[in-house]
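Worksheet: one structure, shown below.
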Amino acid sequence: MTKPSRMFPSVLPLLALVLAGCTAQPAPGVTPWRETTFQMGNTSFGVTLGDPARRAADEIGNSIAVPSRLAGRPDLLARGLGFYEYATVALAEPRWVDLDPLVVPRLAQGRAELRRTLGIRADAPPPVVMDSFFRAAQALSVNDRIGAERSFPPEALSVSGAEFLARLEAVPRMPTAERAAAMAGPSVNARDSRGGALWFY
């Protein structure tokens, strides 16, 4: 007669550990996918692969930080500014505590500049501004000026939708935001290279 296997009971402790890990609570402001509590965006301009914070830092380094690439392309400017809004919040999350301490304050200073320049209210919620920039980028990419004018809810603007679009289409220089964007990607890479703090969720 075959004896009952003793292997099954031995896996129970391991299974319990796995289940405990799956039900662990993430740190405040971070989802289990390491994204901030507001998502990257609902349009194709906000779709990301991998870590959204790193993607945002790379995106603004390749767009906002290089004004020559944006000349005559308000759609690319709007897309970059959507990522800029995200990066400003995402890189302030606890898991980036060992990032260059100048990055987040300078991103915030740049955000104040870009909002003032384009006619966006200083107190507009970042998720609203980010999603609106992505909508503006998507509309402008297909020459939908009406859609771009309406991309921001009126309460998020300090000017009319038409004036916002005119300012965006002028592709203004925003030196504070440009310098901050140029810092973000290299700072994230430097932090990773030196073995930055690891956060597990």
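Values in this document were obtained by computation on a predicted structure and should not be read as measured data.
- Between Leu140 and Leu77 the shortest side-chain heavy-atom distance does not fall below 4.5 Å.
- Shown here for Ala90 and Trp96, the closest heavy-atom pair between the two residues is O-CD1, 3.3 Å.
- Counting heavy atoms from C-beta outward, Ser132 and Arg135 have side chains that approach closer than 4.5 Å.
- Counting only heavy atoms from C-beta outward, the side chains of Met174 and Arg115 never approach each other to under 4.5 Å.
- Nearest heavy atom pair, residue Leu114 against residue Ala177, reads CD2-CB, 4.5 Å.
- Under a hydrophobic clustering in which Ile, Leu, Val, Met, Phe, Trp and Tyr are joined whenever their side-chain heavy atoms come within less than 4.5 Å, directly or via other members, Leu102 and Ile64 fall into the same cluster.
- Val66 and Val103 sit in two unconnected hydrophobic clusters of ILVMFWY residues. Membership requires side-chain heavy atoms under 4.5 Å apart, directly or through other members.
- For the pair Ala184 and Ile60, the tightest heavy-atom approach, listed with the atom from each and the gap, is CB-CD1, 3.9 Å.
- Arg145 is linked by a salt bridge (Lys or Arg N to Asp or Glu O under 4.0 Å) to Glu169, counting only residues two or more places apart in sequence or in another chain.
- In this structure, Arg179 and Thr176 have side chains that are in contact, with non-hydrogen atoms separated by less than 4.5 Å.
- Between Gly185 and Asp58, the shortest heavy-atom distance links the atoms CA-OD1, 4.4 Å.
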Residues Arg150, Ile146; criterion side chain to side chain contact (heavy atoms under 4.5 Å, CB included); working and verdict: CA-CA 6 Å; Arg150 296 175 178 173; Ile146 299 300; 3.6 Å; yes
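- Taken from CG in Leu157 to CG in Leu118, the straight-line distance is 9.5 Å, to the nearest 0.5 Å.
- Glu149 CD to Ser160 OG: the interatomic distance, rounded to the nearest 0.5 Å, is 7.5 Å.
- Smallest separation of non-hydrogen atoms from Val171 and Gly72: CG2-N, 4.2 Å.
- Distance check: Ser187 OG to Leu107 CG gives 9.0 Å after rounding to the nearest 0.5 Å.
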Test salt bridge (Lys or Arg N to Asp or Glu O under 4.0 Å) applied to Arg191 and Asp100, step by step: CA-CA 8 Å; Arg191 175 240 189 217; Asp100 181 336; over 6 Å; no
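- Residues Val128 and Leu81 are members of separate hydrophobic clusters, defined by side-chain heavy-atom contacts under 4.5 angstrom among Ile, Leu, Val, Met, Phe, Trp and Tyr.
- Distance check, rounded to the nearest 0.5 Å: CG of Leu70 to OG of Ser63 gives 6.0 Å.
- For the pair Glu178 and Pro67, the minimum side-chain heavy-atom distance is below 4.5 Å.
- The two residues Arg95 and Arg54 come nearest to each other via the heavy atoms NH1-NH1, 3.8 Å.
- Residues Glu155 and Arg121 have side chains not in contact (no heavy-atom distance under 4.5 Å, counting atoms from C-beta outward).
- Between Ser158 and Arg116, the closest side-chain pair of non-hydrogen atoms is not below 4.5 Å.
- Taking Arg167 as the reference, Glu163 meet the salt bridge (Lys or Arg N to Asp or Glu O under 4.0 Å) condition, with sequence neighbours excluded.
- Between Phe133 and the options Phe152, Tyr84, Tyr86, a ring-ring contact (aromatic ring centres under 6.0 Å, His included) holds for only Phe152.
- No side-chain heavy atom of Thr88 sits under 4.5 Å from any side-chain heavy atom of Val104.
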